[in-house]
Amino acid sequence: MTRSLFNKLFPTPKYLEMPAVGLDISDQSVKYLELTPKGDAHLVKKFGEKEIPLGIIEAGKIKDQKKLEEILHALKEERGIKRVFASLPEEEAFIVRIPMPAMSLTELRGAIELGLEEHVPIPAKDAVFDYEILKRPQSETDTFDLVVSVMPVATVASYSNALKNAGIELLALEIEAQAIARSLTPFHARETTLVVDFGKTRTSFLVTSGHKTFSSSTVNNIGGEDITKAIQKNLKVDYATAEKIKITKGLLHSRRDKELLFSVIPVVSILKDEVAKQFSFWESKTGSHEKEKIERVVLAGGQATLPGLAEYLALGLGVPVELGNVWTNTQLMAVALPPMTFNQSLRYATAMGLALRNAPR
């Protein structure tokens, strides 16, 4: 993938000076959020959500380009959204941490491209990628420490074209995990964090430090929808009632309600096992480096506020598990009240991270 095409799809930092909306496009909705500066803080200028009917996007792949363009165009007309930083689907992305031998910076991109297929299952000719240098070699025998972000070029082009055809100016595209890291972890923090983005139909796991994302993965068969359907089936209630039970009772009341317990536990126990796997995988990659061990788990996503979930996941982990705070890098709490509830805000972690691209650090 040539650098010129990469710049076309992922524009250069000069665009970051423009005001823009963070646009989070997922399988079932498109969420938007725009910030406006007030002193050292950032206030929310506007935010909202528009539903995407089933079948238009599936597991991050656009299946009906025309319908998506119609939804985006309607959003532009209704909310005055003209230019955006937009998300790319986590399901289609690869973020890998790799070492590279000492060489000149002019040689580095070509070397990464040559070895790309050793790390991701996408041929280099079909991929668009970028990299961030975590550590430069200190000698000729030392190595670069790199984080490389990779997407299929066809996926990137499909999202780029959808926005263009909807009449929306695209300032930058960014992998969802990178945007979430920017919204939930302090810019200057150095602790290593596992972010669990627990959504309606899938869960993503990302390891971050500050605003950097070191790795990410997505499991499509774990989501809050599975809990709702299990409650609906086991308690013999309609969908709306099952959803209400999940939101208000969750794991807290399931301890004394056996039928509810049998509905919720199968899904959250699978989630807990996946969290444990992420810990084991990361420790196998970092070895004995104490400063890179995961120090906390942060929950995000629309399903993260399931009552009792944080406490349940913390059992046996040995690190704190807490709900994320999307206002972490806005300084908003010092000057105003948030315009949305805490539970609602967790659904906007990606949109917030995108909107923060042009925030001072």
Side-chain angles (χ1 to χ4, degrees), residues 59-60 89-100 115-122 131-132 134-135 143-150 175-178 180-181 184-185 189-199 201-224 226-227 251 264-301 303-304 306 308-324 346 349:
E90 187 67 31
E91 296 95 325
E92 292 284 287
F94 295 90
I95 299 176
V96 293
R97 188 173 178 180
I98 62 175
M100 290 294 290
L116 200 61
E117 292 176 49
E118 297 177 17
H119 303 281
V120 298
I122 309 175
Y131 64 91
E132 184 172 10
L134 301 178
K135 182 183 75 69
T143 59
F144 282 99
D145 186 7
L146 307 174
V147 173
V148 182
S149 306
V150 189
I175 295 170
E176 186 180 357
Q178 296 167 323
I180 291 173
L184 295 181
T185 56
R190 290 294 175 263
E191 64 181 349
T192 302
T193 300
L194 173 64
V195 178
V196 180
D197 182 20
F198 188 34
T201 60
R202 58 99 172 115
T203 300
S204 295
F205 304 89
L206 42 145
V207 178
T208 72
S209 179
H211 67 282
K212 296 181 177 67
T213 302
F214 294 149
S215 70
S216 71
S217 61
T218 298
V219 180
N220 284 313
N221 60 349
I222 305 175
D226 299 302
I227 296 175
L251 279 164
V264 177
I265 283 296
V267 179
V268 295
S269 63
I270 294 173
L271 177 61
K272 185 177 180 181
D273 289 344
E274 286 294 332
V275 171
K277 287 180 185 177
Q278 294 294 323
F279 264 78
S280 297
F281 178 74
W282 182 254
E283 288 185 0
S284 71
K285 298 280 284 186
T286 59
S288 60
H289 298 294
E290 285 294 330
K291 66 179 181 179
E292 294 195 349
K293 288 186 178 296
I294 294 172
E295 297 177 60
R296 64 173 184 150
V297 175
V298 171
L299 302 181
Q303 308 297 309
L306 179 76
L309 179 63
E311 294 82 356
Y312 179 78
L313 293 181
L315 295 173
L317 276 184
V319 299
V321 179
E322 60 196 61
L323 289 172
L346 285 175

Would you check, one step at a time, whether the test side-chain hydrogen bond (donor to acceptor under 3.5 Å, both in side chains) holds for Glu90 with Ser216?
CA-CA 8 Å; Glu90 187 67 31; Ser216 71; 2.6 Å; yes

Begin from the C-alpha positions of Val150 and Ile122 and carry the test side-chain contact (heavy atoms from CB on, under 4.5 Å) through to its verdict.
CA-CA 9 Å; Val150 189; Ile122 309 175; 4.2 Å; yes

Kindly compute the distance separating [atom1] ([X]) from [atom2] ([Y]), expressed to the nearest 0.5 Å.
X: Ile95; Y: Ser215; atom1: CD1; atom2: OG; value: 8.0 Å
X: Asn221; Y: Ile270; atom1: CG; atom2: CD1; value: 7.0 Å
X: Thr203; Y: Leu271; atom1: OG1; atom2: CG; value: 5.5 Å
X: Lys293; Y: Thr192; atom1: NZ; atom2: OG1; value: 10.5 Å
X: Ile98; Y: Phe144; atom1: CD1; atom2: CZ; value: 11.5 Å
X: Gln303; Y: Thr201; atom1: CD; atom2: OG1; value: 9.5 Å

Using a distance-only test with no angle check, is there a side-chain donor-acceptor pair under 3.5 angstrom linking Gln278 and Ser217?
yes

Which residues satisfy the salt bridge (Lys or Arg N to Asp or Glu O under 4.0 Å) test with [X], sequence neighbours excluded?
X: Glu322; answer: Arg296
X: Glu91; answer: Arg202
X: Asp145; answer: Arg97

Where [X] and [Y] come nearest, the two heavy atoms and their spacing:
X: Ala300; Y: Leu184; result: CB-CD1, 3.5 Å
X: Leu206; Y: Ala177; result: CD1-O, 3.3 Å
X: Leu309; Y: Ala304; result: CD2-O, 3.9 Å
X: Val319; Y: Ile294; result: CG1-O, 3.6 Å
X: Thr213; Y: Ala181; result: OG1-CB, 3.3 Å
X: Gly308; Y: Leu251; result: O-CD1, 3.7 Å

Side chain proximity check, [X] to [Y], heavy atoms < 4.5 angstrom:
X: Val268; Y: Leu313; answer: no
X: Val96; Y: Val147; answer: no
X: Val196; Y: Leu194; answer: yes
X: Lys212; Y: Leu134; answer: yes
X: Ser209; Y: Glu191; answer: no

Apply side chain to side chain contact (heavy atoms under 4.5 Å, CB included) to Ala314 and list each qualifying residue two or more places apart in sequence or on a separate chain.
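Here the qualifying residues are Val321.
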
Mind checking what makes side chain to side chain contact (heavy atoms under 4.5 Å, CB included) contact with Lys277, not counting sequence neighbours?
Glu274

Of Val195, Val297, Val219, the residue whose pairing with Phe205 passes side chain to side chain contact (heavy atoms under 4.5 Å, CB included):
Val219

Just checking, Lys272 and Tyr312: is the charged tip under 6.0 Å from the six-membered ring centre and within 45° of the axis?
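That pair qualifies as a cation-pi contact.
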
Taking only residues two or more places apart in sequence or in another chain, which ones pass side chain to side chain donor-acceptor pair (under 3.5 Å) with Ser204?
Thr218

